[in-house]
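Following: one structure in structure tokens, then a few remarks.
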Amino acid sequence: MTFDEFWKLYPRKDAKGNARKIWERINPGPELQAKIAATLEWEAPLFLEREPQYRPLPSTWLNGERWDDERPIPARPQKTEQQRAGDYF
């Protein structure tokens, strides 16, 4: 994965020059590149659920080594009132 491929995957397109500098400083090898791509596969859709100003800048994401973040556990669906009533019987 090149920086340009990372840029295409990342859901916020701000401060490209800063992100490129950090990418070059990190100089990710093939294993880290694969990990970054895999993380963005599940994390990018979550970012798109947020307002744009609450999505991390690509440089912030790279600096924070966010590819090591834990994958969030999906929230359990809430029971309806009828389902909760059935729990008591």
Side-chain angles (χ1 to χ4, degrees):
M1 164 187 274
T2 65
F3 173 78
D4 291 327
E5 292 167 329
F6 164 78
W7 189 256
K8 285 179 189 174
L9 289 175
Y10 201 81
R12 184 168 176 182
K13 306 292 189 232
D14 295 303
K16 186 175 184 177
N18 289 342
R20 185 183 301 275
K21 286 178 190 174
I22 295 163
W23 181 270
E24 290 170 358
R25 180 177 45 90
I26 294 169
N27 191 23
E31 187 176 312
L32 182 53
Q33 291 172 16
K35 190 171 188 178
I36 289 170
T39 302
L40 286 176
E41 237 178 76
W42 63 263
E43 198 166 37
L46 298 177
F47 289 159
L48 293 173
E49 293 175 4
R50 301 178 188 171
E51 294 293 323
Q53 68 268 24
Y54 298 114
R55 298 173 194 162
L57 289 167
S59 56
T60 302
W61 194 87
L62 289 168
N63 262 333
E65 298 180 4
R66 301 285 300 268
W67 55 84
D68 282 331
D69 287 0
E70 281 188 31
R71 189 175 191 158
I73 299 169
R76 292 190 340 213
Q78 297 293 321
K79 289 186 176 184
T80 65
E81 194 171 318
Q82 186 177 13
Q83 289 170 323
R84 284 192 300 273
D87 289 344
Y88 296 111
F89 297 106

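None of the values given here were measured: they were computed from a predicted structure.
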Legend entry - Hydrophobic cluster (4.5 angstrom, side-chain heavy atoms) - remaining members for Leu9: Met1, Phe3, Phe6, Trp7, Tyr10, Ile22, Trp23, Ile26, Leu32, Ile36, Leu40, Phe47, Trp61, Leu62, Trp67

Legend entry - Connected hydrophobic set around Leu46, excluding itself, where side chains approach under 4.5 Å: Trp42

Inset, instruction - Please say whether more than 12 non-hydrogen atoms of neighbouring residues, nucleotides or ligands are located less than 6.0 Å from CD in Gln53. - result: yes

Legend entry - Atom NZ of Lys8: over 12 foreign heavy atoms under 6.0 Å: no

Legend entry - Set of salt bridge (Lys or Arg N to Asp or Glu O under 4.0 Å) partners for Arg12, sequence neighbours left out: Asp14

Inset, instruction - For Glu5 and Thr2, indicate whether the former's side chain and the latter's backbone hold a donor-acceptor pair under 3.5 Å. - result: yes

Legend entry - Which residues share a side chain to side chain donor-acceptor pair (under 3.5 Å) with Arg25, sequence neighbours left out: Asn63

Inset, instruction - Report the distance from atom CZ of Arg71 to atom OG1 of Thr39, rounding to the nearest 0.5 Å. - result: 9.0 Å

Inset, instruction - Kindly state each residue pair satisfying salt bridge (Lys or Arg N to Asp or Glu O under 4.0 Å) with at least one member in residues 54-69, sequence neighbours excluded. - result: Lys35-Asp68, Arg66-Asp69

Inset, instruction - Name all pairs fulfilling the salt bridge (Lys or Arg N to Asp or Glu O under 4.0 Å) condition that reach into residues 36-53, sequence neighbours left out, sorted by first residue then second. - result: none

